[in-house]
2 protein chains.
Amino acid sequence: MEANDKIVLVGAGNMATALAVALAGAGNAPLAVWSRTSESAQMLADRVGAEWCCDIDALPQADIVIISIVDSALRQVTAQVARKYPDAIILHTAGSIPMSALHESGANRYGVLYPMQTVNKTNVVPLNDVTVFIEGSDNDVTAHVERLARTISNKVVYATSEQRCSLHVAAVFACNFSNAVYNMAAEILEKNGLPFESMLPLIDEAARKMHTLSPREAQTGPAKRGDSNVMNAHKAMLDDELSAIYSQLSDYIKKRNRL
Amino acid sequence: MEANDKIVLVGAGNMATALAVALAGAGNAPLAVWSRTSESAQMLADRVGAEWCCDIDALPQADIVIISIVDSALRQVTAQVARKYPDAIILHTAGSIPMSALHESGANRYGVLYPMQTVNKTNVVPLNDVTVFIEGSDNDVTAHVERLARTISNKVVYATSEQRCSLHVAAVFACNFSNAVYNMAAEILEKNGLPFESMLPLIDEAARKMHTLSPREAQTGPAKRGDSNVMNAHKAMLDDELSAIYSQLSDYIKKRNRL
């Protein structure tokens with residue numbers, strides 16, 4: 001990243017917060033934060049020592065504008081940003097929106113900064129070991145975005161908009177859906193007066209194994225063993241919704257075991 | 001556990017191995033290991049300094065016999081063990097088999113030892129912080145099993161056979177099904193030439209959050225946000241099998257978000 005790159009952050013949600021904190025940690029905090037609501041904007045700005053506002057036109061001069069907002073508002077906000085910053089590099093952080101959306105909304109130099117991590121503003125985790133996927137409108141911009149990314153992470157990988165979509169959907173499975181199955185376990189235990197805490201060593205170990213084994217190698221359980229008796233007994237204990245999910249995921253496991 | 005409790009292990013698979021190692025670590029390794037195959041029996045026996053055999057009748061005298069074998073063989077093997085050890089406490093370690101199965105197979109004093117952890121003989125993890133659920137044929141036996149359990153874990157909880165079934169099915173969701181969704185992510189990434197390694201920080205973080213948040217509080221992603229555009233785009237990228245799973249799990253998340 002150029003020593004003088006001035007960064008402005010449009011958005012103050014979970015990803016915006018994680019990026020702002022990571023950039024601040026790298027010695028180049030955003031100069032200003034924009035959000036639709038003054039509360040959010042101020043909260044993040046105070047956190048990293050930036051200015052804040054709720055009006056794009058009130059933002060200061062910048063070399064790089066990072067737009068990290070809900071997908072549904074991206075194009076409209078990008079159009080405003082592109083008008084204000086005709087020469088800046090405009091980046092978005094969305095998993096499933098192509099880079100071209102920025103161009104279609106008026107950006108001249110643009111790209112994507114996509115840290116592959118689940119983030120929460122109330123508990124920001126460092127991004128140093130998180131793979132940051134990047135893309136840029138031309139080689140020059142791409143190189144610039146890569147340098148920016150390298151200030152916050154030691155794993156920077158180029159990915160096209162199409163690959164990024166695959167990453168995003170893979171992340172939904174690995175992260176959102178694993179949380180969903182944790183929730184199913186929690187509901188079953190709660191119904192039976194048992195502690196969810198007892199699941200934590202399993203949850204931790206299942207995740208830890210991914211550092212040394214492929215998911216295929218690591219698979220265990222009745223579906224893997226083809227234990228129909230246990231599976232039927234389990235389904236009998238579940239309501240229709242969870243029973244259907246149990247069947248579907250067990251079928252998936254069984255198929256993979258035959259390959 | 002009584003200082004003089006002699007323990008014998010029937011079985012040499014994943015759970016048997018984890019228990020043998022934990023007991024050895026607590027200063028009371030099993031005296032002998034039985035398995036159907038000599039290879040398995042000898043491997044585990046050598047690991048903890050025990051004798052080994054493939055014939056129940058060749059096992060030495062014992063106060064406690066822990067049977068940790070495939071569910072389908074439990075009743076038959078228990079019958080042999082019960083004949084050889086009329087006075088010992090006979091325990092099984094199965095999630096979905098009621099304690100009464102031991103009694104039906106001839107055991108007089110019996111119970112269950114159920115460590116809530118996913119275990120693998122090639123990578124044995126300590127059981128100290130794992131919740132061990134126990135049950136016994138009468139108060140005296142239960143107290144004895146509890147003392148045994150406390151030598152290997154600092155979290156010992158009483159659970160009926162019915163509750164243990166719930167624990168087992170909850171564990172299938174939390175552990176086997178989370179691994180399954182990791183596998184789905186791996187397949188999507190492999191198809192697109194992307195590194196599964198990039199998922200590790202997400203997988204770790206999703207698991208870590210369970211130590212401080214409920215799964216309900218921790219849920220993120222397009223289904224939680226009600227983002228139909230992204231969900232439809234995702235489903236369009238998936239084959240029929242994964243698309244159906246994506247829909248089902250997203251519906252689950254959406255329902256929970258409305259409650």
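Residue numbers start from 1 in every chain, and the chains themselves are labelled A, B, ... in the order their sequence lines are given, proteins ahead of strands. The structure displayed is predicted, hence computed values, not measured ones.
The two residues B:Leu242 and A:Phe173 have their closest heavy-atom pair at O-CZ, 3.8 Å. Nearest heavy-atom pair, B:Ala174 versus A:Ala185, reported as atom, atom and distance to 0.1 Å: CB-CB, 4.0 Å. Looking at every heavy atom in both residues, A:Ser178 comes nearest to B:Tyr182 through CB-CE2, 4.1 Å.
For the set A:Cys175, A:Ala180, A:Gly221, the entry with the most heavy-atom pairs within less than 4.5 Å of chain B is A:Ala180. Between chain A and the residues B:Ser214, B:Ala171, B:Ala159, the most heavy-atom pairs under 4.5 angstrom are made by B:Ala171. By number of non-hydrogen pairs under 4.5 angstrom with chain B, the leading residue of A:Asn14, A:Asp129, A:Asn123 is A:Asn123. Looking only at heavy-atom pairs under 4.5 Å with chain B, the residue among A:Gln219, A:Gln163, A:His168, A:Lys191 that has the most is A:Gln219. Of the listed residues B:Val70, B:Thr212, B:Asp251, B:Leu238, the one with more heavy-atom pairs under 4.5 angstrom with chain A than any other is B:Leu238. Ranked by non-hydrogen atom pairs under 4.5 Å with chain A, the options B:Val130, B:Thr131, B:Asn179, B:Val181 are led by B:Asn179.
Proximity of the aromatic rings of B:Phe177 and A:Phe177 is defined here by a centroid distance below 6.0 angstrom, and this criterion is not met.
Interface with chain A: from residues 222-230 of chain B, residues B:Pro222, B:Asp227, B:Val230 qualify, criterion being any non-hydrogen pair under 4.5 Å. Residues of residues 96-105 of chain B that come within less than 4.5 angstrom of chain A, heavy atom to heavy atom, are B:Ser96 in numerical order.
In this structure, the portion of A:Ala186 lying under 4.5 Å from any heavy atom of chain B is its side chain and not its backbone. For chain B, the nearby parts of A:Met116 are the backbone and the side chain; heavy atoms of each come within less than 4.5 Å. Contact annotation for A:Lys155: only side-chain heavy atoms (C-beta onward) come within less than 4.5 Å of a heavy atom of chain B. If you measure heavy-atom distances from A:Tyr246 to chain B, the contacts under 4.5 Å come from both the backbone and the side chain. For B:Ser250, the parts lying near chain A are the backbone and the side chain together; criterion is any non-hydrogen pair under 4.5 Å. Both the backbone and the side chain of B:Ala218 have a heavy atom closer than 4.5 Å to some heavy atom of chain A. Proximity to chain A (any heavy atom under 4.5 Å) is shown, for B:Ile245, by both the backbone and the side chain. For a residue to count as touching a neighbouring chain, one of its non-hydrogen atoms must lie under 4.5 Å from one of that chain's; by this rule A:Lys235 does not touch chain B. Contact of B:Val172 with chain A is made through the side chain alone, with heavy-atom distances under 4.5 Å.
In this structure, A:Asn183 CG and B:Ile253 CD1 are separated by 8.5 Å, a value rounded to the nearest 0.5 Å.
Using a cut-off of 4.0 Å between Lys/Arg side-chain N and Asp/Glu carboxylate O, B:Arg216 and A:Glu187 are scored as not salt-bridged.
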Show me, pair by pair, the donor-acceptor contacts under 3.5 angstrom made by side chains of residues 192-206 of chain A, not counting sequence neighbours?
{"from": "A:Asn192", "atom 1": "OD1", "to": "B:Ser166", "atom 2": "OG", "distance (Å)": "3.1"}
{"from": "A:Asn192", "atom 1": "ND2", "to": "A:Ile188", "atom 2": "O", "distance (Å)": "2.9"}
{"from": "A:Asn192", "atom 1": "ND2", "to": "B:Ser166", "atom 2": "OG", "distance (Å)": "3.2"}
{"from": "A:Ser198", "atom 1": "OG", "to": "A:Pro195", "atom 2": "O", "distance (Å)": "2.7"}
{"from": "A:Asp204", "atom 1": "OD1", "to": "B:His211", "atom 2": "NE2", "distance (Å)": "2.9"}
{"from": "A:Asp204", "atom 1": "OD2", "to": "B:His211", "atom 2": "NE2", "distance (Å)": "2.8"}
{"from": "A:Glu205", "atom 1": "OE1", "to": "A:Arg208", "atom 2": "NE", "distance (Å)": "2.8"}
{"from": "A:Glu205", "atom 1": "OE1", "to": "A:Arg208", "atom 2": "NH2", "distance (Å)": "3.4"}
{"from": "A:Glu205", "atom 1": "OE2", "to": "A:Arg208", "atom 2": "NH2", "distance (Å)": "2.7"}

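Atom CD of A:Glu241 sits in a crowded spot, with more than 12 heavy atoms from other residues, nucleotides or ligands closer than 6.0 Å. Atom CG of B:Asp240 has 12 or fewer heavy atoms from other residues, nucleotides or ligands within 6.0 Å. Heavy atoms from other residues, nucleotides or ligands lying under 6.0 Å from CD of A:Glu39 number 12 at most.
A donor atom on one side chain and an acceptor atom on the other are found under 3.5 Å apart for A:Asn176 and B:Thr220.
Partners of A:Glu162 under the salt bridge (charged side-chain N to carboxylate O under 4.0 Å, His left out) rule, at least two apart in sequence or in another chain, do not exist in this structure.
The shortest distance between side-chain heavy atoms of A:Val125 and B:Lys209 does not fall below 4.5 Å.
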